[in-house]
Amino acid sequence: MEIIDEILYDFHKYGPVNQSHLETLSYYKKLHPVSFKKYESKLMFLMGLFYKTDEPNSFFEAIYNSYAQAILEDTGHNFSPVQADAYNSIKKFTNFSFSAPTSAGKSFLFQEIIKESKGDIIIVIPSRALLSEYLIKVKKLVSKETLVLAFIEIVNTKKTKNRIFIITPERGEELFKNLDKLNIELILLDEAQLSEEGIRGMKFDSFVRRIDKKLNNVKKVFTHPFIINPEAQFIKHNIVNDADSETYNQKTVGKIYIEHFNNNFKYFSPFDDKIEGKIVDGNIIKEIIQNNGTALIFISKSKIYDGSFMDTYAEYVDLCEEIENPEAIDYINKLEEFFGTKNDNEKKSLLIFLMRRGIVIHHGSIPLKARLIIEDFVNNKHAKICFSTSTLIQGINMPFDLVWINNFTFNGNEDQKTLNLKNLIGRAGRTTLENNYFDYGYVVVEKKNKKLFISRLNKESSLSEISELDIESNSNNEDFADIVDAIKNDTFNTELHLTETQIDRINNSNIDEDINFILNNFLNEEDKPLTVKEYYHLKDSKRKKIKKSFENIYKVHLRRQDLTLGEKNVLSTSIPVLLWLIQGKSFAEIISLRYAFLSEKDFRRKTRSLLLKKEITLKEYRKFLNEKKVRYSCIANTLPDINFRRGVPLFSSNTHLENIDFDKVVYDTYDYIDKVLSLSIRDPVSSVFILYFQKTMDQRGIILSNYIKYGTNDDTEIWMLKYGFTFDEMDELKKHIFKIDATEIQFKESVSEYILNEDNYKLIERYL
């Protein structure tokens with residue numbers, strides 16, 4: 001064990017920064033667990049993992065224990081040296097930017113800072129994929145007097161001492177119209193490498209520049225994984241006020257690397273090409289699954305959508321027997337209720353079928369509420385296999401014993417691809433809290449990708465020191481030229497969420513005829529929108545005119561004169577989804593209605609009725625069903641997108657009605673609600689009707705604007721949305737509310753029965 005002594009000395013001298021050493025320790029623990037045990041206590045001290053140590057057993061450990069005690073006395077927390085240094089820098093400097101590996105304990109550090117804070121906090125995350133995890137963790141940390149929301153609304157003021165808003169950069173606009181109502185103490189910008197990502201990076205950079213300008217003395221913290229120049233955030237934005245940065249390379253989890261080819265597994269080292277790979281005894285994936293471990297298999301979204309992953313990994317899927325744990329089954333029941341598949345034999349969900357066997361699917365088109373259930377399922381150790389796309393790269397804290405990288409397609413430039421790969425590898429190996437225990441995980445790569453994998457793993461990643469905002473070529477895309485100019489010139493209208501140029505374009509356009517047609521035909525005499533059934537019973541000419549008017553209303557804020565066929569198809573498909581939302585349909589009901597529409601449920605019911613009445617033969621019945629194919633529906637796509645030329649069908653034109661993939665309907669419908677209606681259509685279209693009202697005082701403009709923006713024109717429901725309730729949640733809760741406004745929610749006595757259900761109590765306990 002002389003080599004371990006050398007590694008321990010190196011850790012003592014330089015800290016746990018050498019990946020090759022961590023790899024060697026992982027092999028020793030795997031191959032010689034008994035003899036390795038005597039080193040683990042000392043190793044935890046040397047790695048600075050003081051939260052995983054017992055009383056010191058030697059003079060050497062006692063010295064490190066004194067270091068741990070000094071950190072505790074200095075910070076008041078049982079931090080590692082990395083956490084302690086970052087904590088002190090956050091406390092000391094107004095602006096602090098740092099980089100650290102995924103297992104450095106950043107989450108625990110932030111939790112402690114949040115618990116200590118007295119003022120309002122803004123947490124900026126790169127995508128909505130992280131929302132559910134952050135909301136759960138933060139709500140557990142703080143008292144009922146702290147309001148925690150995933151958007152910026154000033155509500156519950158009578159009972160709120162401070163607020164924590166968890167937002168994406170796109171939601172940042174709301175901050176600036178509420179500055180006078182907030183006492184902001186900290187702005188935490190997590191996974192700040194988002195600044196490299198095209199138009200989203202520009203929005204992030206715009207937010208950074210505006211907070212530096214308007215909140216110059218408020219504490220701001222930028223975090224990143226695996227980059228060598230965190231100070232780039234200050235350089236690109238000319239942030240000079242009391243700023244400091246640090247790169248932490250200390251690691252806490254070891255890795256063993258394996259290549260896969262033709263169902264054979266072989267060890268390899270990315271750090272020493274002289275080491276000849278040794279064949280792995282047995283099947284490492286099977287061993288982990290059979291020993292109650294968890295494997296993450298990183299695959300493309302297309303393989304999930306076409307179901308081919310089931311054939312590729314059939315031998316591992318077959319290992320997973322149906323689970324019996326009551327807690328796990330409870331999660332599955334919640335998902336079934338949300339999807340509307342409970343006691344419905346027609347809707348077959350592969351996602352739920354696999355979950356019953358401890359196998360989960362995770363990607364960005366799974367509805368947020370469903371992802372939350374899935375992430376809880378994994379973190380409570382009910383999952384054996386997780387098939388995931390790049391959503392897990394974005395910082396979601398779901399560690400696994402093994403990560404198998406089947407899909408080697410990463411987005412962005414070389415620095416981003418390297419960063420994304422390292423982020424993914426960081427999911428391998430659970431960071432346990434067990435004392436005197438060294439953690440390690442496995443990383444499996446395909447043989448064909450091994451050379452590129454090694455190259456990226458050993459390459460340093462850096463951020464650009466020039467903001468995307470300052471690169472002239474970025475304004476070439478005419479759809480985003482207005483946004484780029486407004487970001488640079490700070491000319492956003494915070495009320496309408498549009499640029500001043502776009503508002504001028506709307507006001508100077510000739511679309512009153514289209515607006516009037518929509519108001520006259522989309523709203524009934526009681527100023528309520530059409531039902532979907534009424535919409536489809538309209539004459540074709542009128543329905544086409546509604547679609548055309550919506551197109552004109554949407555495109556008027558753009559620089560170009562027309563939309564592509566694909567964009568028109570997306571807008572057309574979004575109209576019935578919008579109507580279902582407006583009618584207050586739950587997600588399960590919307591899925592059911594859309595599934596029925598696409599699968600020609602009325603036709604199937606009528607044809608079956610004819611069969612039962614013996615008006616057609618069984619042969620004719622089968623022939624009618626076989627000839628009838630799925631209805632055309634364009635897949636959801638974010639707008640505007642001039643490259644989305646023709647539109648892509650959700651199902652191919654020769655898909656039989658009985659072969660419609662229910663899960664694809666779920667994913668696509670959520671994308672329409674999230675990516676199309678919420679992120680693409682809501683702001684420009686609702687703003688057109690607001691501006692029309694301001695010009696004409698036609699009250700219907702405000703009514704329809706509310707329906708498009710909120711999905712309702714009911715004041716109570718709008719306030720409930722501002723308090724963070726979803727339509728699914730408010731359906732039953734609304735009748736127990738006596739009064740709701742910006743100051744508080746007052747409940748009726750009947751709420752005492754409502755909160756007998758534990759889930760209901762958790763939903764409103766902060767407002768009781």
**Asked** Does Ile466 CD1 have over 12 foreign heavy atoms under 6.0 Å away?
**Response** no
**Message:** Less than 3.5 Å apart, any donor N or O on the side chain of Lys301 or Thr389 sitting next to an acceptor on the other?
**Reply:** no
**Item:** Atom of Lys236, atom of Arg209 and distance for their closest heavy-atom approach
**Value:** O-NH2, 3.1 Å
**Prompt:** Between Asp485 and Arg559, does at least one N-O distance fall below 4.0 Å, as a salt bridge requires?
**Reply:** yes
**Prompt:** Hey, is NZ on Lys544 packed in by over 12 heavy atoms from elsewhere, all under 6.0 Å?
**Reply:** no
**Prompt:** Got a salt bridge between Arg210 and Glu173, using NZ or NE/NH1/NH2 to carboxylate O under 4.0 Å?
**Reply:** yes
**Message:** Are Leu194 and Pro169 packed together at the side-chain level, in the sense that at least one heavy-atom pair is separated by less than 4.5 angstrom?
**Reply:** yes
**Asked** Given side chains that start at C-beta, do those of Asn423 and Glu191 come closer than 4.5 Å, heavy atoms only?
**Response** yes
**Prompt:** Hey, mind stepping through Leu593 and Phe597 against side chain to side chain contact (heavy atoms under 4.5 Å, CB included) and telling me if it holds?
**Reply:** CA-CA 6 Å; Leu593 289 164; Phe597 174 75; over 6 Å; no
**Prompt:** Rounded to the nearest 0.5 Å, how far apart are CD of Glu231 and OG1 of Thr247?
**Reply:** 6.5 Å
**Message:** Can you tell me how far apart OG1 (Thr223) and CD1 (Ile90) are? Round to the nearest 0.5 Å.
**Reply:** 9.0 Å
**Request:** For residues Asn156 and Tyr723, report the shortest heavy-atom separation together with the two atoms involved.
**Result:** N-OH, 3.0 Å
**Asked** Which distance, rounded to the nearest 0.5 Å, do you find between the CZ of Phe689 and the CG of Leu519?
**Response** 5.5 Å
**Asked** How far apart are the closest heavy atoms of Ile123 and Val138, and which atoms are they?
**Response** CD1-CG2, 4.3 Å
**Asked** Side chains of Phe644 and Asn569: closer than 4.5 Å at any heavy-atom pair?
**Response** no
**Prompt:** Counting distance only, does the side-chain N/O of Asp120 pair as donor-acceptor with the main-chain N or O of Arg163 below 3.5 Å?
**Reply:** yes
**Prompt:** At their closest point, which heavy atom of Ala636 faces which heavy atom of Val676, and how far apart are they?
**Reply:** CB-CG2, 4.0 Å
**Message:** Taking CD in Glu513 as the centre, count heavy atoms belonging to other residues, nucleotides or ligands within less than 6.0 Å. Is the count above 12?
**Reply:** no
**Item:** Under-4.0 Å salt bridge between Arg560 and Glu567
**Value:** yes
**Request:** Please name the pair of heavy atoms, one in Ala232 and one in Glu465, separated by the smallest distance, quoted to 0.1 Å.
**Result:** CB-CG, 3.9 Å
**Message:** Is it the case that the side chain of Asp482 and the backbone of Leu558 share a donor-acceptor pair, with hydrogens and angles ignored and the cut-off at 3.5 Å?
**Reply:** no
**Message:** Is there a side chain to side chain contact (heavy atoms under 4.5 Å, CB included) between Asn183 and Asn162? Walk through the geometry before answering.
**Reply:** CA-CA 8 Å; Asn183 174 32; Asn162 66 317; over 6 Å; no
**Request:** Kindly indicate whether a cation-pi arrangement holds for Lys545 with Phe517, taking the cut-offs as under 6.0 Å to the six-membered ring centre and within 45° of the axis.
**Result:** yes
**Message:** Would you compute the distance between atom OG1 of Thr168 and atom CZ of Arg200 and round it to the nearest 0.5 angstrom?
**Reply:** 6.5 Å
**Message:** Restricting to non-hydrogen atoms, name the atom on Val665 and the atom on Ile591 that form the minimum distance, rounded to 0.1 Å.
**Reply:** O-CD1, 4.1 Å
**Complete:** One should read off an interatomic distance between Ile227 CD1 and Thr418 OG1, to the nearest 0.5 angstrom, of 13.0 Å
**Prompt:** Below 4.5 Å, heavy atoms only, C-beta onward: do Phe492 and Phe176 meet side chain to side chain?
**Reply:** no
**Asp671 and Ser365 side chains, donor-acceptor separation under 3.5 Å** = yes
**Request:** State, yes or no, whether a side-chain contact exists between Lys542 and Asn521 at a heavy-atom distance under 4.5 Å.
**Result:** yes
**Item:** Donor-acceptor side-chain pairing of Thr157 and Lys181 below 3.5 angstrom
**Value:** no
**Prompt:** Run the side-chain hydrogen bond (donor to acceptor under 3.5 Å, both in side chains) check on Asn520 and Arg700 step by step: do they pass?
**Reply:** CA-CA 9 Å; Asn520 291 333; Arg700 294 178 304 165; 2.8 Å; yes
**Asked** Judged by atom type as modelled, is there a donor-acceptor pair below 3.5 Å linking the side chain of Glu170 to the main-chain atoms of Leu679?
**Response** no
**Message:** Please check: side-chain N/O of Lys675 versus main-chain N/O of Ser680, any donor-acceptor pairing under 3.5 Å?
**Reply:** no
**Request:** Spell out, as yes or no, whether a donor-acceptor pair under 3.5 Å connects the side chain of Asn637 to the backbone of Val570.
**Result:** no
**Message:** What's the separation between atom CG in Asp562 and atom CD in Glu551, rounded to the nearest 0.5 Å?
**Reply:** 7.5 Å
**Request:** Any ring pair (Phe, Tyr, Trp, His ring centres under 6.0 Å) involving residues 694-715? Give me the pairs, sequence neighbours left out, ordered by first then second residue.
**Result:** none
**Asked** Do Glu414 and Gln416 have a side chain donor and acceptor closer than 3.5 Å?
**Response** no
**Asked** In terms of side-chain heavy atoms, does Ser300 have a donor or acceptor partner in Asn407 at a distance below 3.5 Å?
**Response** no
**Asked** So do Phe165 and Leu175 actually touch side chain to side chain, heavy atoms under 4.5 Å?
**Response** no
**Asked** Under 6.0 Å between the ring centres of Phe522 and Phe550?
**Response** yes
**Asked** Are the side chain of Glu196 and the backbone of Gln193 linked by a donor-acceptor contact shorter than 3.5 Å?
**Response** no
**Request:** Measure from the ring center of Phe410 to the ring center of Phe408 and say whether it is less than 6.0 Å.
**Result:** yes
**Prompt:** Phe98 versus Asp244: any side-chain heavy-atom pair under 4.5 Å?
**Reply:** no
**Item:** Main-chain N/O of Leu523 paired to Asp527 side chain as donor or acceptor, under 3.5 Å
**Value:** no
**Message:** Closer than 3.5 angstrom, by distance alone: can the side chain of Arg171 be matched with the main-chain N or O of Phe151 as a donor-acceptor pair?
**Reply:** no
**Request:** Report the C-alpha separation of Asp212 and Lys220 in whole Å, then their side-chain angles, then the decisive distance to 0.1 Å, and conclude whether the side chain to side chain contact (heavy atoms under 4.5 Å, CB included) test is met.
**Result:** CA-CA 9 Å; Asp212 186 57; Lys220 293 172 277 293; 4.1 Å; yes
**Item:** Leu571 side chain reached by Lys568 side chain, heavy atoms, under 4.5 Å
**Value:** no
**Asked** Is the backbone N or O of Ser462 less than 3.5 Å from a side-chain atom of Asn229, with the two atoms forming a donor-acceptor pair by type?
**Response** no
**Request:** Show the numbers, then the answer: is there a side chain to side chain contact (heavy atoms under 4.5 Å, CB included) between Ser687 and Glu495?
**Result:** CA-CA 9 Å; Ser687 295; Glu495 293 295 331; over 6 Å; no
**Side-chain donor/acceptor of Ser99 to backbone N/O of Phe226, under 3.5 Å** = yes
**Asked** Angle class for the His557/Tyr554 ring planes (parallel below 30°, perpendicular above 60°, tilted otherwise)?
**Response** perpendicular
